Structure formats: structure tokens, C-alpha cells
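Structure, as C-alpha cells:
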Amino acid sequence: MKGIWIYYQKEMLEAWRNHKFIWVPIVFLLLGIMQPVTTVYLPEILSMSGDIPPEAAALFTTPPPAEVIAATLSQFSTIGLLVLVLSAMNVVAGERATGTIELVLARSVSTVSVITAKWAAMMTILLLSIGIGLAGSAYYTYQLIGPVEWDMLMGAGAIYALWLAWIVTLVLPLGAVLKGPAVAFISLGIAAVCSLLSSLLPSNWMWNPGRLSQIAVDWLTGSGVITWAPVWSAVIILILSVAIGAKLLRQRPLSSQV
């Protein structure tokens, strides 16, 4: 446990030096703020652009606060997820390429401690970012549209954080065998496939963790039936990704390009 804590501090210091604690939360904050602002002022923007007549723009109605927050979560699934994966793709692959990880392992530090510390650091940035993003969205939604049910917001945020977490965690085992760009491409590809399957075959893939994003929206809006099978699937993927990543890193501490 002491080794995990020491290496976690090292990962956090490196993330601070790389400004991940600044630019990743800022991206989520901007995404969170933009959704309620653009939703409220969309009719005026369309009228000023001249693309549609003012009468048609007046037909646009402002959705309820829960739907605005749900739209914010969908922004996190696209741009936010991309930013998270790109920020984490070299957490393992980069250190293998430079040989840094071999120096760390030479000091009798177990790969389990290394991978666990890296995972904890990534989750810290993820939770901080999604928390700031949702807080910004909830604040502007409250100011511009109406009150937000905070208990529903926190529940949906927790489910959505798990949706992002299991995808980001995939960079650990993938980074132990592949280079950074391939890690990002495959992680995002798996997320896209799971989301597509959850949309096309919702009843046949009840355990699919790709359904977590829709479950979070259903939780927020109070619609649909909440099933917990995808939650357990995501938790299992998290555990397996850390375990497999540690085993692969023990077998292949150096990248083929070194």
C-alpha cells in the first residue's frame, strides 16, 4: 500500500507538471457551461444569423433543466471522452517507450502497485473534471432555466463517471502492449461499438456497459427502467483491466521501439 501511495504521488506530480489538472477540467467546464447557455439563447442566435425567420425561431421552446443536464452528459461522451483518452494514452505506453518504467520496476516496485497508482491518478483527474463540468452546467442551468434536482444530478453523475472510467481504464492493458496512438484509437473504438450495440440491440445486451450513458440520462430524467447489470460489467472491466495491465507490464516492460 505504501508503494501505491508513493507512486500515486509521483503520478499526480507529473500530471500537474503536464497541466492535466488545468486543461482537462477546463474542457469539461466549458462543455458544461456551453450547453445551458446555447440552449437558452439558441432562438436569438438563429434569428441573428438570418438562416431562419424570427417567427420560426420563436417556436423553439426551452427544455426542462433535467434535459439540459442530459444534453451536457452527451457532450461529455464525445469531446470529453476524447480528451480523457488522449490525456491518458501515454500513461503506460509513453513510459514503456522511454524506458522509464523499467527503471521504476528495477527498484523492486511491483507492477500491481505501478498500475494501481496510475489508475488512481487517472480517476482523480476524471472525477475532478466531470465534477467541475457538472457543477458549471448545473449552476448556469439553475440561473437561466430553473432549479436542478441535486440528488438526481449526483446519481446521474456517478453513473456517468463509471461509464467514462471503464473506457479510460482500457488504456492500461492496451498501453502495456501498444503505442500511444493505437491505445487511444482502440479504446475509443471499443466505446463506440459498445454504445452502438446498446442502441441497436438494447434488449439483447442488457449487461453491455455501453448502456451506462443512457442509464445516467434515465436516472436524471426519471424515465425508463434502471438496470444494474451494466454497472457490474463496468466494475468487472475496471478490475480486469488493472490486473491484466499489471501482468502484461511485467512481461513487456519495454516498448519494441526501444
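Counting begins at 1 with the first residue of the sequence. Here the structure is a predicted model, which means the values were calculated and not measured. Hydrogens, waters and symmetry mates play no part in the numbers below; they use all other heavy atoms, side chains included.
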Considering all heavy atoms of both residues, which atom of [X] and which atom of [Y] are nearest to each other, and what is their separation?
| X | Y | answer |
| --- | --- | --- |
| Ala176 | Gly245 | CB-O, 4.1 Å |
| Ala184 | Val85 | CA-CG1, 3.6 Å |
| Val91 | Lys118 | O-NZ, 2.9 Å |
| Thr39 | Pro63 | CG2-CD, 3.4 Å |
| Ala156 | Ala216 | CB-O, 3.4 Å |
| Ile4 | Ala117 | O-CB, 3.6 Å |

Would [X] and [Y] show up in the same hydrophobic cluster when neighbours are defined by side-chain heavy atoms closer than 4.5 Å?
| X | Y | value |
| --- | --- | --- |
| Trp23 | Leu29 | yes |
| Val231 | Val217 | no |
| Val171 | Leu82 | yes |
| Val242 | Leu240 | yes |
| Val112 | Tyr7 | no |

Taking Ser87 for its side chain and Leu84 for its backbone only, find out whether a donor-acceptor pair lies under 3.5 Å.
->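 Checking the backbone N and O of Leu84 against the side chain of Ser87, a donor-acceptor pair under 3.5 Å is found.
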
Would a distance-only check, ignoring hydrogens and angles, find a side-chain to backbone donor-acceptor pair under 3.5 Å from Asn208 to Gly210?
->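 Checked: pair present.
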
Starting at [atom1] of [X], measure out to [atom2] of [Y] and round the result to the nearest 0.5 Å.
| X | Y | atom1 | atom2 | result |
| --- | --- | --- | --- | --- |
| Met89 | Lys179 | CE | NZ | 13.0 Å |
| Ser241 | Ile115 | OG | CD1 | 10.5 Å |
| Leu31 | Ile79 | CG | CD1 | 5.0 Å |
| Leu212 | Tyr160 | CG | OH | 10.0 Å |
| Leu238 | Leu162 | CG | CG | 6.0 Å |
| Ile159 | Leu73 | CD1 | CG | 10.0 Å |

Side chains of [X] and [Y]: closer than 4.5 Å at any heavy-atom pair?
| X | Y | result |
| --- | --- | --- |
| Thr227 | Arg211 | yes |
| Leu249 | Arg96 | yes |
| Ile167 | Ile190 | no |
| Pro230 | Trp166 | no |

Within residues 167-188 or reaching into it, pairs that qualify as ring pair (Phe, Tyr, Trp, His ring centres under 6.0 Å) - sequence neighbours excluded =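 Pairs touching residues 167-188 that pass the test: none.
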
Suppose we screen for side chain to side chain donor-acceptor pair (under 3.5 Å). Which residues come up paired with [X], at least two apart in sequence or across chains?
| X | answer |
| --- | --- |
| Thr169 | Trp119 |
| Gln75 | none |
| Ser113 | Ser110 |

Under the ring pair (Phe, Tyr, Trp, His ring centres under 6.0 Å) rule, collect the residues that match up with Trp207, sequence neighbours excluded.
->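 If we apply the ring pair (Phe, Tyr, Trp, His ring centres under 6.0 Å) test to Trp207, skipping adjacent residues, the hits are Trp205.
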
Can you give me every donor-acceptor pair (side chain of residues 121-145, partner residue at least two apart or in another chain, under 3.5 Å) with its distance?
unit_1 : atom_1 : unit_2 : atom_2 : d
Thr124 : OG1    : Tyr8   : OH     : 2.9
Thr124 : OG1    : Ala120 : O      : 2.8
Ser129 : OG     : Ile125 : O      : 2.7
Ser137 : OG     : Gly32  : O      : 3.4
Ser137 : OG     : Thr72  : OG1    : 2.9
Thr141 : OG1    : Ser137 : O      : 2.6

Decide if atom CE of Met12 counts as having more than 12 heavy atoms of other residues, nucleotides or ligands within a radius under 6.0 Å.
->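 Yes, because the 6.0 Å sphere around CE of Met12 holds more than 12 heavy atoms from other groups.
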
Just wondering, are more than 12 heavy atoms of other shown residues or ligands nearer than 6.0 Å to CH2 in Trp16?
->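 Not more than 12 within 6.0 Å, no.
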
Specify whether Trp219 and Trp228 have parallel, tilted or perpendicular ring planes, treating 30° as the upper limit for parallel and 60° as the lower limit for perpendicular.
->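 Perpendicular.
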
